[in-house]
Amino acid sequence: MSSNLLKVALAQIAPVWLNKELTIQKIEQTINDAAKENAELIVFGEALLPGYPFWVELVNGATFNSPITKELHAHYVSNSIMIEKGELNSICALAKQHQMAIYLGVMERAQNRGGHSIYASLAYIDQNGEIKSVHRKLQPTYEERLTWAPGDGNGLQVHSLKEFTVGGLNCWENWMPLPRTALYGLGENLHIAVWPGSDFNTKDITRFIARESRSYVISVSSMMTKNDFPKDTPHLDKILTEAKDTLANGGSCIAGPDGEWVVEPVVDKEGLIYQTLDFSRIYQERQNFDPVGHYSRPDVTKLHVNRDRQSTVEFD
């Protein structure tokens, strides 16, 4: 395929909720399926590995010292991913085998922050199977703050993929103008937005970012229904009492550099969504607007970005 063309796969799937081993197996199978269709980039939703903390609002998670919340949180942390221990190695090996780049939403138990708190992280694995960036979500949203820690700017990075320059943000981070601008300034022209799942989230912001940046925007959401909760989930009876039949309906989609739909939001359907993107459309739309090029005024407004990986302790 021409270097101007990129075949992408949007993986709109449900996790094996809060079970990292089985969810990794499902991710691996999905990658292998995408490889059969010659996908060059596959994107998975926010926190897919091992799943979004739906329980927080279903079991009154703001109650201080609630035994239920503590047990569920401990179960969540124990199923999160410590990247330094090689827990993504099998996925990296598939990326290398299939020469496929991967964006994957993981709950990261960060070793350099003590290994007990968890971060909603977006990992980029290149076509050689190397993890090139891990972006920890800067600001968890609302109930997420009861179980996720805030991240840092280290992962505000972009990557070359054929003619494209790809970067990504997690969920409501995509509404934050300055992180978006940081990626634009690095040359991003294919923006990855990952979500826990809902066309309510994706249907407006996907087209808005595309029109603002004159870039392709891929939004990928997960799926989750009442039937996707494993039977061994702690306090499952209390969760199911409050849970809706559908907790995440997908909404994965692609907008072109003109802000119009390439793939409209897909809802209530689990599986892979394929599309081939044409790089030349980006230059066409940058002709009349470029947010960090000819239509910017750095002499008037300029952004400062701290990309240090934050840690509580530094040792000489």
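Residue numbers run from 1 in the order of the sequence given.
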Return yes if some donor-acceptor pair links the side-chain N/O of Arg109 with the main-chain N/O of Gly115 below 3.5 Å, else return no.
-> yes
Will you find, in the side chains of Asp278 and Ser280, an N or O donor that is under 3.5 Å from an N or O acceptor?
-> yes
Side-chain heavy-atom pair Leu169, Leu122 within 4.5 angstrom cut-off = no
Please check if any side-chain donor atom of Asn60 sits under 3.5 Å from a side-chain acceptor atom of Thr63, or the reverse.
-> yes
Ignoring hydrogens and angles, state whether a donor on the side chain of Asn32 or Gln29 is under 3.5 Å from an acceptor on the partner side chain.
-> no
Verdict with supporting geometry, Glu212 and Tyr184, side chain to side chain donor-acceptor pair (under 3.5 Å) | CA-CA 10 Å; Glu212 175 186 66; Tyr184 301 164; 2.5 Å; yes
If you measure only the distance, is there a donor-acceptor pair under 3.5 Å linking the side chains of Asn201 and Ser198?
-> no
Any ion pair linking Glu144 and Lys137 (charged N to carboxylate O, less than 4.0 Å)?
-> yes
For Lys7 and Glu37, indicate whether the former's side chain and the latter's backbone hold a donor-acceptor pair under 3.5 Å.
-> yes
Quick one: does Thr23's side chain have a donor or acceptor within less than 3.5 Å of a partner on Lys20's backbone?
-> no
Is the backbone N or O of Glu173 less than 3.5 Å from a side-chain atom of Asn170, with the two atoms forming a donor-acceptor pair by type?
-> no
Under the 3.5 angstrom rule, does the side chain of Lys26 hit a backbone N or O of Ala14 as a donor-acceptor pair?
-> yes
Spell out, as yes or no, whether a donor-acceptor pair under 3.5 Å connects the side chain of Asp126 to the backbone of Gly129.
-> yes
For side chain to side chain donor-acceptor pair (under 3.5 Å), just list the numbers for Asp199 and Asn249, CA-CA rounded to whole Å, side-chain angles, deciding distance to a tenth of an Å, and then say yes or no.
-> CA-CA 7 Å; Asp199 61 322; Asn249 71 350; 2.9 Å; yes
Do other residues, nucleotides or ligands put more than 12 heavy atoms under 6.0 Å from the OH atom of Tyr274?
-> yes
Can you check whether Met107 reaches Trp148 side chain to side chain, under 4.5 Å on heavy atoms?
-> yes
Stepwise side chain to side chain contact (heavy atoms under 4.5 Å, CB included) check, Leu272 with Ile13 | CA-CA 8 Å; Leu272 285 160; Ile13 63 173; over 6 Å; no
Phe200 atom CZ, neighbour heavy-atom count above 12 within 6.0 Å = no
Side chain to side chain donor-acceptor pair (under 3.5 Å) evaluation trace for Glu188 with Ser215 | CA-CA 8 Å; Glu188 182 192 69; Ser215 302; 5.3 Å; no
Leu236 and Val16: same hydrophobic cluster, using ILVMFWY side-chain contacts below 4.5 Å?
-> no
Give, for atom CD1 of Ile192 and atom NE2 of His159, the distance between the pair rounded to the nearest 0.5 Å.
-> 10.5 Å
Check whether any side-chain heavy atom of Glu242 lies under 4.5 Å from a side-chain heavy atom of Glu57, and answer yes or no.
-> no
Are the side chains of Cys92 and Ile125 in touch, meaning some heavy atoms are under 4.5 Å apart?
-> yes
With side chain to side chain contact (heavy atoms under 4.5 Å, CB included) as the test, would you mind laying out the steps for Lys162 and Glu40 before giving the verdict?
-> CA-CA 10 Å; Lys162 301 182 81 172; Glu40 298 167 289; 2.8 Å; yes
Side-chain donor-acceptor pair present, Asp308, Asn154, cut-off under 3.5 Å = no
May I ask you to decide if Phe164's main-chain N or O and Asn189's side chain share a donor-acceptor pair within less than 3.5 Å?
-> no
Fit a plane to each ring of Tyr124 and Tyr103, take the angle between them on a 0 to 90° scale, and name the class: parallel (under 30°), tilted (30 to 60°) or perpendicular (over 60°).
-> tilted
Can you find a pair of side-chain heavy atoms, one from Asn65 and one from Lys70, that are under 4.5 Å apart?
-> yes
Do Trp172 and Leu138 come close enough that some side-chain heavy atom pair is under 4.5 Å?
-> no
Is any NZ, NE, NH1 or NH2 atom of the basic residue among Glu130 and Lys132 found under 4.0 Å from an Asp or Glu carboxylate oxygen of the other?
-> yes
Distance-only donor-acceptor check, side chains Ser219 and Thr206, under 3.5 Å = yes
Compute whether any side-chain donor of one residue and acceptor of the other, for Gln12 and Ser252, lie under 3.5 angstrom apart.
-> yes
Any chance the rings of Trp17 and Tyr76 have centres within less than 6.0 Å?
-> no
Give the intermediate values and the outcome of side chain to side chain donor-acceptor pair (under 3.5 Å) for residues Ser121 and His135.
-> CA-CA 5 Å; Ser121 295; His135 175 53; over 6 Å; no
Hydrophobic cluster identity match, Leu161 and Leu94, side-chain contacts under 4.5 Å | no
Would you say Lys269 has more than 12 foreign heavy atoms packed within less than 6.0 Å of its NZ?
-> no
Considering only heavy atoms from C-beta outward, does the side chain of Val220 approach that of Thr202 to under 4.5 Å?
-> no
Same apolar cluster: Val194 and Ile42, side chain cutoff 4.5 Å = no
Neighbour count above 12 (heavy atom, 6.0 Å) for His294 NE2 | yes
Euclidean distance, Ser80 OG relative to Glu87 CD, rounded to 0.5 Å = 7.5 Å
Within the distance-only criterion (no hydrogens, no angle test), does the side chain of Asp152 pair as donor or acceptor with the backbone N or O of Arg309 below 3.5 angstrom?
-> no
For the residue pair Leu88 and Ala123, what are the closest heavy atoms and their distance?
-> CD1-CB, 4.5 Å
Paired with Asp258, the salt bridge (charged side-chain N to carboxylate O under 4.0 Å, His left out) test is passed by just one of Arg207, Arg281, Arg214, Arg286, namely Arg281
In the single-linkage hydrophobic clustering (I, L, V, M, F, W, Y; side-chain heavy atoms under 4.5 Å), do Leu104 and Leu10 co-cluster?
-> no
Apply the test side chain to side chain contact (heavy atoms under 4.5 Å, CB included) to residues Trp261 and Cys253: give CA-CA distance (whole Å), side-chain angles for both, the deciding distance (0.1 Å), then the verdict.
-> CA-CA 8 Å; Trp261 289 125; Cys253 51; 3.6 Å; yes
Applying salt bridge (Lys or Arg N to Asp or Glu O under 4.0 Å), run through Arg113 and Glu84 and close with a yes or a no.
-> CA-CA 12 Å; Arg113 298 300 297 269; Glu84 297 88 348; over 6 Å; no
Test log, rule side chain to side chain contact (heavy atoms under 4.5 Å, CB included), inputs Ile209 and Arg180 | CA-CA 9 Å; Ile209 294 176; Arg180 292 200 310 267; 3.8 Å; yes
Hey, is the main chain of Lys96 close enough, under 3.5 Å, to the side chain of Gln99 for a donor-acceptor pair?
-> yes
Given the rule that I, L, V, M, F, W and Y join up when any side-chain heavy atoms are under 4.5 Å apart, are Val158 and Val292 in one cluster?
-> no
Mind checking the CG-CG spacing from Leu183 to Leu156? Nearest 0.5 Å is all I need.
-> 5.5 Å
Polar side-chain atom of Ser296 near backbone of Pro298 as donor-acceptor pair, under 3.5 Å | no
